[in-house]
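In what follows, a structure is listed as structure tokens, so that the remarks can point back to it.
Computed from a predicted model, the values in this text were never measured in an experiment. So you know, we letter chains A, B, ... as the sequences are listed, proteins then strands, and number each from 1.
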Number of protein chains: 4
Amino acid sequence: MNDKKILIINAAIQLFAEEGVGVPTAKIAKEAGVSNGTLFNYFDTKQNLIDDVCFFIAEKMAAEIFVDLDRSRDMEEIFFHVWSAYIYWAQKNLLEYKVLGLLKSSQIVSESVFKKIDNFFAVIDENMEQGIKDNIIKDLPLDLLSEIARGQLDATVSYIQSNKLKKADVDRFTRISFEIYVKGISV
Amino acid sequence: MNDKKILIINAAIQLFAEEGVGVPTAKIAKEAGVSNGTLFNYFDTKQNLIDDVCFFIAEKMAAEIFVDLDRSRDMEEIFFHVWSAYIYWAQKNLLEYKVLGLLKSSQIVSESVFKKIDNFFAVIDENMEQGIKDNIIKDLPLDLLSEIARGQLDATVSYIQSNKLKKADVDRFTRISFEIYVKGISV
Amino acid sequence: MNDKKILIINAAIQLFAEEGVGVPTAKIAKEAGVSNGTLFNYFDTKQNLIDDVCFFIAEKMAAEIFVDLDRSRDMEEIFFHVWSAYIYWAQKNLLEYKVLGLLKSSQIVSESVFKKIDNFFAVIDENMEQGIKDNIIKDLPLDLLSEIARGQLDATVSYIQSNKLKKADVDRFTRISFEIYVKGISV
Amino acid sequence: MNDKKILIINAAIQLFAEEGVGVPTAKIAKEAGVSNGTLFNYFDTKQNLIDDVCFFIAEKMAAEIFVDLDRSRDMEEIFFHVWSAYIYWAQKNLLEYKVLGLLKSSQIVSESVFKKIDNFFAVIDENMEQGIKDNIIKDLPLDLLSEIARGQLDATVSYIQSNKLKKADVDRFTRISFEIYVKGISV
DNA sequence: CATGAATGAGGTTTCATTCAT
DNA sequence: AATGAATGAAACCTCATTCAT
């Protein structure tokens, strides 16, 4: 992706986090260090920019979470890797994480974007399915299981952030929340 | 609260759910069957209306969830009552539930409103504290425990809604998700 | 004039002085201790109220200035009486004086009102005319002479007010400005 | 100052003179031949525009009045120069003159603007002070003397304008009013 | 008469988007 | 491409005025 396009997207992330998606495009352009008009050379409409921001964050997040995942490991190890990578990413990317949450419930991102994002997490579903077959995980619908996982992850991140935990505690609570989840869904 | 005020709040809920908080006040007024000016007789600013909508929903929700809660029952029964009442309420009040979620992450509701809302749920915290003392629940921070509960509840509601489950299945998954939660946090 | 009408007019004077003629009628009504609707029982439109306020002040001012004027005295005595009565009135009626000035240059009071007001001061013109015939006052157009008088009076009042002069000084500068005026226009 | 800014200010002057400061910004923009939005590119708020109009007029007036003033002349010559330049300017700039008067008593121009304007006329005060030291002018407070001057000037202009005097008469009455003023304040 | 809620036209201001340079 | 002034539709909000009670 073009350099200037990324500059604008990052400015948008910054400002969406601070002020919500309502920020004027003019302000975003200024923050990005480009002119008002230039922003519209890269994004036809503001809606377009919002969609791209959403996709950009999700894509980067998925990439970082799955980057050095060894898919030959056993199921619980894979899960824990993803679990802690998600929390780690949220910690390292406060703004992106916040904006992604904000966009998801804003009624404003185009439907198609979320479809694409969901694909990133297909690996987990496949893995979970195997767990059920192997009679390790309760036989429940995959989308319920992953909704719950997402819910617990976000709860954990929220706890970590609002209490400003340090590295050691982050690790501890990452493990604790993972154990709660696994214990909960185990047969 | 005044009749017309409620009319406006309900119109706002309807439209926030459909189009996000960006809807013009004019459209809200029209939906409520009053004039644009009348809306501003009841709410000084749009911000004010948004805050009131948020508080109105939360208050009603809390009232309905706790209405026939028998506080003399044992901890797990109380928990399950609240757990299923929350899911039941979300089912009966699709719009309100959606709007509350939307407002919570919108960066737009005044801080003070959430403070007030949190108070509604103090009962649960007290109960959970007792569970920890009695060595039934893992000794974890209360706010983590309730964040996780909230996360699982919303995950369950989301699953129920996106799969349009019927009464029997709703009951079943309410019970299942509760068991997952309890199993997860139990000692 | 009706009691309540005067109540409203006085409230209007108060608020015009503080905030200009832009004040909402609702605020005027509140200040007068009557309802929004009642104001419009007494004044058909806001324009009407403004006109009435203007006329009310001018009428009262004229009445007080000319009240114990002995028209048999000689010209200079009559002049000085009016001169000091004007300044005295402005001192005693800060708000009314201020509002009259504000209304005169506001482009907002109906033309007809000023016509009526001018009549109040006909006495002076007659007297001045005699002074010219008697070769005491320079033979200049009456309206120039009275414009100048008005200009000097307002200058004097302005000086008194912005320096918050006490009674003795007020009297002194009333006399001084009068002497300047008379000396200026004398043959 | 920017071309379009001046266009807007002149349109504002025109309309303030015709209809008072209450004219809609939309009308001002239209009169200036720009869009409503453009007006707000040059003036953040209407208040801002009003203040700028006031300052713009006063600044131009001061510049024109003092432009070819020979400060080495004697006091009375300097005075007369300013006196007649003021009247001349008011004649040539009917609208500006009217609007300045209107704004001064409107309760609407920001305090700070008048402070700046007063500075323009400091020259006169210095000169008058010398006149007092030299025992030519009565020993009176400077601000009283200049208030009176301003009062007489405005009275003269008002007389000239309401009688639509021609050049020759304008000159005659300029001289006459000056003599009245000087005679009045002379020792 | 008195009231004050209701009205809606109209005001100021914002902002996504365009386009000439 | 990049710019940023210009645009004008549309947003929020005000307020003179009406009218049912």
[X] side chain near [Y] side chain, heavy-atom distance below 4.5 Å:
X: D:Phe40; Y: D:Thr25; answer: yes
X: A:Cys54; Y: A:Leu100; answer: yes
X: A:Glu96; Y: A:Trp89; answer: yes
X: D:Glu31; Y: D:Gln14; answer: yes
X: D:Lys5; Y: D:Phe43; answer: yes
X: B:Lys104; Y: B:Phe114; answer: yes
X: C:Glu59; Y: C:Lys116; answer: no
X: A:Asn2; Y: A:Ile6; answer: no

(message) For the CG atom on D:Asp3, are there more than 12 heavy atoms of other groups (residues, nucleotides or ligands in this structure) within a distance under 6.0 Å?
(response)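 Not more than 12 within 6.0 Å, no.
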(message) Holding to salt bridge (charged side-chain N to carboxylate O under 4.0 Å, His left out), I want the full list of residues that pass it with A:Lys30, two or more places apart in sequence or in another chain.
(response)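 Salt bridge (charged side-chain N to carboxylate O under 4.0 Å, His left out) check on A:Lys30 returns nothing, list empty.
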(request) Tell me, please, which residues at least two apart from A:Glu19 pass salt bridge (charged side-chain N to carboxylate O under 4.0 Å, His left out). (result)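 Salt bridge (charged side-chain N to carboxylate O under 4.0 Å, His left out) check on A:Glu19 returns A:Lys27.
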(request) May I ask you to check whether C:Gln47 and C:Asp51 show a side-chain donor-acceptor distance below 3.5 Å? (result)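 C:Asp51 and C:Gln47 do have a side-chain donor-acceptor pair below 3.5 Å.
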(message) Between A:Gly37 and D:Gly37, which residue's closest nucleotide on DNA chain E lies nearer the 5′ terminus?
(response)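 It is D:Gly37, whose closest nucleotide lies nearer the 5' terminus.
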(request) Would you grab the first and last nucleotide of DNA chain F (5' to 3') that comes under 4.0 Å of any non-hydrogen atom in chain C? (result)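 Footprint of chain C along DNA chain F, 5' to 3': F:dC15 to F:dT18.
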(request) Examine E:dA2: is either OP1 or OP2 under 4.0 Å from a nitrogen or oxygen in the side chain of C:Lys4? Give yes or no. (result)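 Yes.
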(request) Identify, residue by residue, the members of residues 41-56 of chain A with a heavy atom below 4.0 Å from DNA chain F, and return them in order of residue number, or none. (result)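 Contacting residues: A:Asn41, A:Tyr42.
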(message) Quick check on contacts: within residues 6-33 of chain D, what sits under 4.0 Å from DNA chain F by heavy-atom distance?
(response)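 Within this stretch, nothing sits under 4.0 Å of the strand.
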(request) Using heavy atoms to find the nearest nucleotide of DNA chain F for D:Asn36 and A:Leu39 separately, return the residue whose nucleotide is more 5′. (result)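 Taking each residue's closest nucleotide, the earlier one in sequence belongs to A:Leu39.
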(request) Pull out every stem in DNA chain E, meaning runs of 3 or more consecutive Watson-Crick or G-U wobble pairs with both distances under 3.5 Å. (result)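 Stem list for DNA chain E: E:2-21 with F:2-21.
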(message) Under the criterion side chain to side chain donor-acceptor pair (under 3.5 Å), I'd like the reasoning laid out for A:Asp154 against A:Tyr97: C-alpha separation, chi angles, the key distance, then a yes or no.
(response) CA-CA 10 Å; A:Asp154 289 338; A:Tyr97 176 76; 2.8 Å; yes
